[in-house]
Amino acid sequence: MTHWIIAPVVLPALLAPFIVLAARYHIGIQRVFSVAGVLALISVAAGLAWQASDGTITLYQLGDWAAPFGIVLVADRLSTLMVLLTAVLALFVLLYAIGSEWDNRGRHFHALFQFQLMGIMGAFLTGDLFNLFVFFEVLLIASYGLMIHSGGNARLRAGVQYVLFNLLGSTLFLFALGAIYAEAGTLNMADLAQRVRLIDGAETVGIRLAAVLLLLVFAIKAAVLPLHFWLPSSYAEAPAPVAALFAIMTKVGAYAIIRVYTMIFSPDLDVTAGLHTTWLMPAALASLAIGMIGVLAARHLDRLVAFAVIGSMGMVMVAISLFTPTSITAALYYTVHSTLAAAALFLIVDLVRTGRADLNLIAQPVVPGAALTSALFFLAAIAMAGLPPLSGFVGKLLVLDAAFSTSAAAWIWAVVLSSSLICVVGFSRAGSTLFWKAKSMPVSDEAAETTAATPAPATLSYVAVGGLLALLVAHTVFAGPATAYMADISDQLFNPEPYIETVLDTPGKLSTPKEGY
C-alpha cells in the first residue's frame with residue numbers, strides 16, 4: 001500500500017487551514033504557498049497516473065481497515081487521469097487569479113481554493129459511495145464560498161440558487177444511499193458490485209429506485225437537462241477564475257456516472273437493465289441542443305460561455321449514454337477537451353471585461369489588449385464549437401463514430417451536426433460584435449481618455465489563457481496516443497474484476513474473522 005494516493009486529498013486539506021492561520025493578512029505568502037501546493041499536486045498526480053498507466057490498480061486503506069469495513073481510496077487509470085487534469089487546470093486558474101488580482105478582491109480565496117481541490121480530488125479517488133457524498137458536500141461548501149468571493153448582490157443571488165439546487169441533489173443522494181444500504185448492506189463500490197448481482201429478480205424495487213436516484217443526483221452535478229437551471233447564472237456570475245475551475249465540477253458528475261454505471265449497475269445487469277440507457281440519451285441530446293441554442297440566443301458573453309458548457313456536457317453525456325467501450329473512449333477524450341476549452345473561455349471573458357462597461361454583446365470602443373484577446377477568443381471558440389483542426393473536432397468525430405452502428409445514430413448525428421452549426425453561428429456573432437464592429441466604431445474624446453487610462457490585462461493572465469490553449473493544441477497533436485490511452489481506460493472500466501479483487505482481497509484489519517467470533 002502506497003501513501004501517495006492520499007496525498008492529493010491531504011495536501012490541500014492541510015494547506016488550506018495553514019493559509020488561514022499563518023498567512024491571513026499576507027497575500028504574497030498565500031500566493032506562494034498556494035502555487036507551491038498546486039505544483040506539488042501536479043507532481044503527485046503525474047506519478048500516480050504513470051503508475052496506473054500499465055493497468056496497475058493501487059489501493060489505500062485509511063487506518064489499515066480492509067474493505068468493505070474501512071474507507072478506501074483507489075487509483076486506477078480513470079481516477080488518476082481526472083486527478084491529473086484537475087491539478088493542471090488548477091495551476092493555470094491560479095496563475096490567472098494572481099495575475100488579475102481576483103484573489104485579492106475578497107477574503108480567503110486561496111484557502112477556499114485548496115478546500116475545493118480537496119473535494120474534487122477526493123471525489124475522483126474514493127472507492128466508497130458514502131465518501132463520494134462527503135466529498136460532494138466539501139465541494140458544495142468550498143464552491144459556494146468561491147462563488148460569492150468579492151461580493152455583489154447578483155453573485156449572492158446566483159450563489160443561493162446554486163446551493164439550493166445542490167442541496168436538493170444532496171438530499172436525493174442520501175435517500176439513494178439509504179436505499180442501497182437497506183438492499184445490499186454495503187456502500188463500498190467493489191463490494192456493492194458483487195452484492196447487487198446476487199439480488200433476487202423478484203426483489204429489485206429498492207435497488208432500481210436507488211439506481212434512478214443516483215442517476216438524478218449525478219445528472220444535477222453534470223447539469224443535464226432538465227436539471228441544468230442552476231448552471232447559467234451560477235457560472236456567469238462567479239468570478240472568472242472560479243468559473244474556470246468550475247469547468248471540472250460538471251465532470252465530477254460525468255465521472256460518477258461512468259464509474260457507478262460501468263462497475264455497479266452495468267448495462268448487462270438484469271436488475272437495473274435499461275434504466276439509465278433509456279432516459280439518459282434523450283436528456284443528453286436535449287442538453288446538447290438547448291445549450292447550443294442558448295449560445296445563439298445569449299445577450300451577454302458570460303452567459304454565452306455558460307450555455308456552451310451545458311452543450312459540451314450534453315455531448316459528453318451522449319457518448320456516455322451509449323455505454324460501449326468505444327463511446328466511453330470518445331466521452332473521456334471529449335471530457336479533457338471540453339474542460340480545457342471551457343476554462344479558457346471563462347478566463348477570456350474576464351479579459352474582455354477589462355475596460356468595458358459590461359459584457360453585453362453590443363459594439364463598444366476598443367479596449368487595451370483587444371488584438372491579443374480577440375486572437376485567443378478565436379482559438380477558444382473554434383475549440384468549443386468543434387471546428388477543425390483543434391481537439392473539439394476530433395472529439396466529435398469520435399462520438400459520431402461510436403454512435404454510427406447504434407439504433408439512435410440518425411438522431412445523434414442530426415443533433416450533433418446541427419448543434420455544431422448553431423454554436424459556430426453564435427460564437428461568430430459574439431466575436432464579430434465584440435472585436436470587429438468595435439474597431440469600426442467612432443471613439444469619442446471621453447471614451448478615448450477612459451480607454452487610455454484603463455490598464456491592459458497583466459501578462460500573467462495571458463500566460464494562463466495561453467497555457468490552456470496550448471494544452472488544447474497538444475491534445476489535438478497527440479490525439480492518437482491520447483485516444484489509445486482513453487481506450488485502455490475504457491477497457492479497464494468494462495472489466496471491473498481486477499478493481500474488485502484489489503479492493504476486497506487486500507489484507508487489513510478485519511480482513512479475516514478473528515478467533516472466537
Side-chain angles (χ1 to χ4, degrees), residues 82 85-86 88-94 96-97 116 120 143 146-147 162 221-224 228 230-255 287-288 290-292 294-295 298 300-319 331-352 359 376-387 390-396 399 419-420 423-424 426-427 430-431 464-473 475-476:
M82 300 305 294
L85 176 62
T86 303
V88 172
L89 174 66
L91 175 62
F92 291 106
V93 169
L94 195 56
Y96 187 92
Q116 181 82 341
I120 296 173
S143 59
L146 287 172
M147 182 176 295
Y162 168 80
K221 301 296 181 183
V224 177
H228 69 293
W230 60 270
L231 191 146
S233 296
S234 301
Y235 280 41
E237 296 297 340
V242 175
L245 182 63
F246 282 7
I248 196 69
M249 292 270 287
T250 49
K251 307 309 184 296
V252 176
Y255 165 86
S287 299
L288 176 57
I290 293 299
M292 295 314 174
V295 168
H300 305 274
L301 183 60
D302 48 2
R303 294 186 71 86
L304 180 147
V305 177
F307 275 105
V309 171
I310 295 174
S312 68
M313 280 307 302
M315 179 68 69
V316 171
M317 299 308 296
V318 166
L332 293 174
Y333 183 89
Y334 198 86
T335 293
V336 175
H337 155 79
S338 62
T339 301
L340 298 175
L345 279 170
F346 278 118
L347 298 184
I348 292 169
V349 167
D350 196 58
L351 294 177
V352 173
L359 288 172
L376 296 174
F377 179 83
F378 177 72
L379 290 174
I382 286 177
M384 182 59 78
L387 291 177
L390 292 181
S391 52
F393 179 71
V394 179
K396 288 189 177 182
V399 174
S419 63
S420 298
C423 186
V424 170
F427 273 101
V465 177
L468 291 172
L469 294 178
L471 290 176
L472 281 173
V473 173
H475 196 45
T476 307

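On a predicted model such as this, the values are computed, not experimentally measured, just so you know.
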If you look at every heavy atom in [X] and [Y], which pair is closest and at what distance?
X	Y	value
Ala430	Leu304	CB-CD1, 3.8 Å
Ala319	Val399	CB-CG2, 4.1 Å
Val295	Cys423	CG1-O, 4.2 Å
Ala385	Val424	CB-CG2, 3.8 Å
Pro232	Ile310	CG-CD1, 3.8 Å
Ala342	Val305	O-CG1, 4.4 Å

Check: Short question: side chain of His337, backbone of Ala383 - any donor-acceptor pair under 3.5 Å?
Finding: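 The answer is yes, because a donor-acceptor pair under 3.5 Å joins these two groups.
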Margin query: Using modelled atom types and a 3.5 Å cut-off, is there a donor and acceptor pairing between side-chain atoms of Thr476 and backbone atoms of Ser391?
Written below: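 Yes, Thr476 side chain to Ser391 backbone: donor-acceptor pair under 3.5 Å.
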Report yes if the side chains of [X] and [Y] come closer than 4.5 Å at any heavy-atom pair, otherwise no.
X	Y	result
Phe427	Leu345	yes
Phe377	Leu301	yes
His228	Ser287	no
Tyr235	Phe307	no
Leu347	Phe92	no
Leu376	Leu469	yes

Rounded to the nearest 0.5 Å, what's the gap from [atom1] on [X] to [atom2] on [Y]? Could you check?
X	Y	atom1	atom2	result
Leu288	Met317	CG	CE	12.0 Å
Tyr334	Thr339	OH	OG1	10.5 Å
Leu94	Leu89	CG	CG	11.0 Å
Gln116	Met147	CD	CE	9.0 Å

Item checked: Of all pairs that satisfy side chain to side chain donor-acceptor pair (under 3.5 Å), the ones with a partner from residues 301-317, not counting sequence neighbours ->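 Only Ser233-Arg303 qualify under side chain to side chain donor-acceptor pair (under 3.5 Å).
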All side chain to side chain donor-acceptor pair (under 3.5 Å) counterparts of [X], not counting sequence neighbours:
X	value
Tyr255	Arg259
Tyr96	Asp350
Thr335	none
Tyr333	none

List the atom pairs, with distances to 0.1 Å, where a side-chain N or O of residues 240-253 and a protein N or O form a donor-acceptor pair under 3.5 Å, not counting sequence neighbours.
from, atom 1, to, atom 2, distance (Å)
Lys251, NZ, Ala247, O, 2.9

